[in-house]
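Notes for the one structure printed next.
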Amino acid sequence: MTSALLPTYARAPIAFERGEGAWLVARGGERYLDFGAGIAVNALGHAHPHLVEALTSQAQKLWHTSNLFEIPEGERLGRRLVDATFADVAFFANSGAEANEAAIKMARKYHAVAGHPERFRIITFEGAFHGRTLATIAAGGQQKYIEGFGPKVDGFDQVPFGNHEALRAAIGPETAGILIEPIQGECGVRPVPPQCLRGLRALCDEHGILLIMDEVQTGVGRTGRLFAHEWSGATPDIMSAAKGIGGGFPLGVCLATADAARGMTAGTHGTTFGGNPLAMAVGNAVLDVVLADGFLEHVSAMGILLKQRLAAVQDRHPDVIAEIRGEGLMLGLKLHVRNAEFAAAAREEHLLVIPAGDNVVRLLPPLIITEADVAEAAKRLDATAGRFAARLRGAAA
Ligand SMILES: *Cc1c(COP(=O)(O)O)cnc(C)c1O
């Protein structure tokens with residue numbers, strides 16, 4: 001039967017009915033170990049009791065009021081995020097792309113209210129991904145997302161990843177800021193070295209421009225810190241987060257210093273749905289867990305364990321797995337075999353992983369995984385790699 005949905009996705013032929021922790025249960029009852037977490041979204045796994053309780057109890061009281069009224073749960077979530085980060089203010093949206101749109105507008109407005117409306121250009125990096133709106137595809141700069149959608153939104157200058165000369169040369173009198181993912185996600189889990197983030201901070205200070213970090217995928221505990229930039233000691237002026245922050249409820253946020261946000265006065269930006277009471281109740285519940293004592297240490301410990309187990313799998317299958325990279329529970333396997341085929345083979349082992357650029361598959365498990373889950377994933381990855389090793393041997397014979 002043909003689908004009534006716009007065919008913009010090549011979907012795997014499988015539908016899930018329910019989830020429990022790190023496991024998804026398909027319609028037929030088969031259980032899958034979920035090391036994709038809905039693309040780093042289900043940070044606390046599926047059907048986490050604290051999130052279910054927060055959502056259902058809020059659902060019986062109030063879902064939506066609009067931002068024309070005060071939203072106490074939003075005040076509380078904003079305050080907690082501000083207290084836990086570099087930021088002074090928060091703007092809630094519904095997605096990563098919208099959080100980035102707010103960040104981009106904020107950076108432009110910052111210079112405009114300082115008498116420099118000509119400073120509107122933002123420098124981004126090759127391989128970046130910032131979303132699928134017209135501005136964020138221009139920011140990401142990937143031709144496959146831009147092509148056919150009319151003139152590319154102006155104001156984004158892309159430089160090669162890791163090329164300091166090109167970066168310096170790109171800063172001009174129209175530059176408003178630099179936008180970067182601390183670890184490029186969609187491009188294949190490419191970490192930015194900590195000294196480079198510190199270098200970017202210094203460069204922005206030197207030129208009076210803003211450092212914007214896109215932590216939509218890396219944030220909310222994913223790397224073992226609340227936000228990935230904390231590993232470097234460099235702080236942004238503006239930061240977006242989404243994915244894990246709602247634990248599966250659509251939620252994004254743009255966080256900023258008071259100075260960076262100075263242009264964003266009443267009426268300059270808005271959203272109908274963003275920050276509604278239902279979203280805020282869930283967001284607070286996610287933070288309850290992520291900020292609890294020992295949670296981030298657990299993420300780090302599981303990340304180290306997973307990396308060790310992956311190294312052992314790679315040792316056994318060096319002709320399948322080329323490289324392991326990433327931080328915490330945001331790991332990538334660069335492969336010698338095709339990543340989409342590897343992900344499909346892993347699915348046959350009832351393990352879910354997510355393809356990314358650079359022929360990588362990403363492992364983005366729920367942050368609540370246990371040692372047993374790590375062992376199980378390693379076993380299934382070993383079996384997956386074994387399928388290819390057998391094929392490669394067959395081809396060689
Ligand atoms: C997923 C992602 C986005 C876009 O988020 P949406 O919620 O899909 O709009 C932006 N930036 C990064 C780094 C992402 O990983």
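Values below: every heavy atom of this structure, side chains too, minus hydrogens, waters and symmetry copies. Atoms within each ligand, like the ligands themselves, are counted from 1 in listed order.
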Test side chain to side chain contact (heavy atoms under 4.5 Å, CB included) applied to Val192 and Glu181, step by step: CA-CA 8 Å; Val192 179; Glu181 297 158 78; over 6 Å; no
Would you mind writing out a table of all protein N or O atoms found under 3.5 Å from any N or O atom of ligand 1, naming both atoms and giving the distance to 0.1 Å?
residue: ligand 1; atom: 7 (O); partner: Gly96; partner atom: N; Å: 2.8
residue: ligand 1; atom: 9 (O); partner: Gly96; partner atom: N; Å: 3.4
residue: ligand 1; atom: 9 (O); partner: Ala97; partner atom: N; Å: 2.8
residue: ligand 1; atom: 11 (N); partner: Phe129; partner atom: O; Å: 3.2
residue: ligand 1; atom: 11 (N); partner: Asp214; partner atom: OD1; Å: 3.3
residue: ligand 1; atom: 11 (N); partner: Asp214; partner atom: OD2; Å: 2.7
residue: ligand 1; atom: 15 (O); partner: Gln217; partner atom: NE2; Å: 2.7
residue: ligand 1; atom: 15 (O); partner: Lys243; partner atom: NZ; Å: 2.6

Side-chain donor-acceptor pair present, Thr265, Thr268, cut-off under 3.5 Å: no
Selection residues 293-311 - residue pairs positive for side chain to side chain donor-acceptor pair (under 3.5 Å), sequence neighbours left out: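 Listed once each, the pairs would be none.
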For Leu200, all residues meeting side-chain contact (heavy atoms from CB on, under 4.5 Å), sequence neighbours excluded: Phe125, Leu167, Ile178, Ile180, Leu197, Leu211
Donor-acceptor pair, side chain of Arg132 and main chain of Ala97, under 3.5 angstrom: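 Not at all, since once roles are kept as given, no pair shorter than 3.5 Å links the two residues.
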Contacts of type salt bridge (charged side-chain N to carboxylate O under 4.0 Å, His left out), residue Asp315, not counting sequence neighbours: none
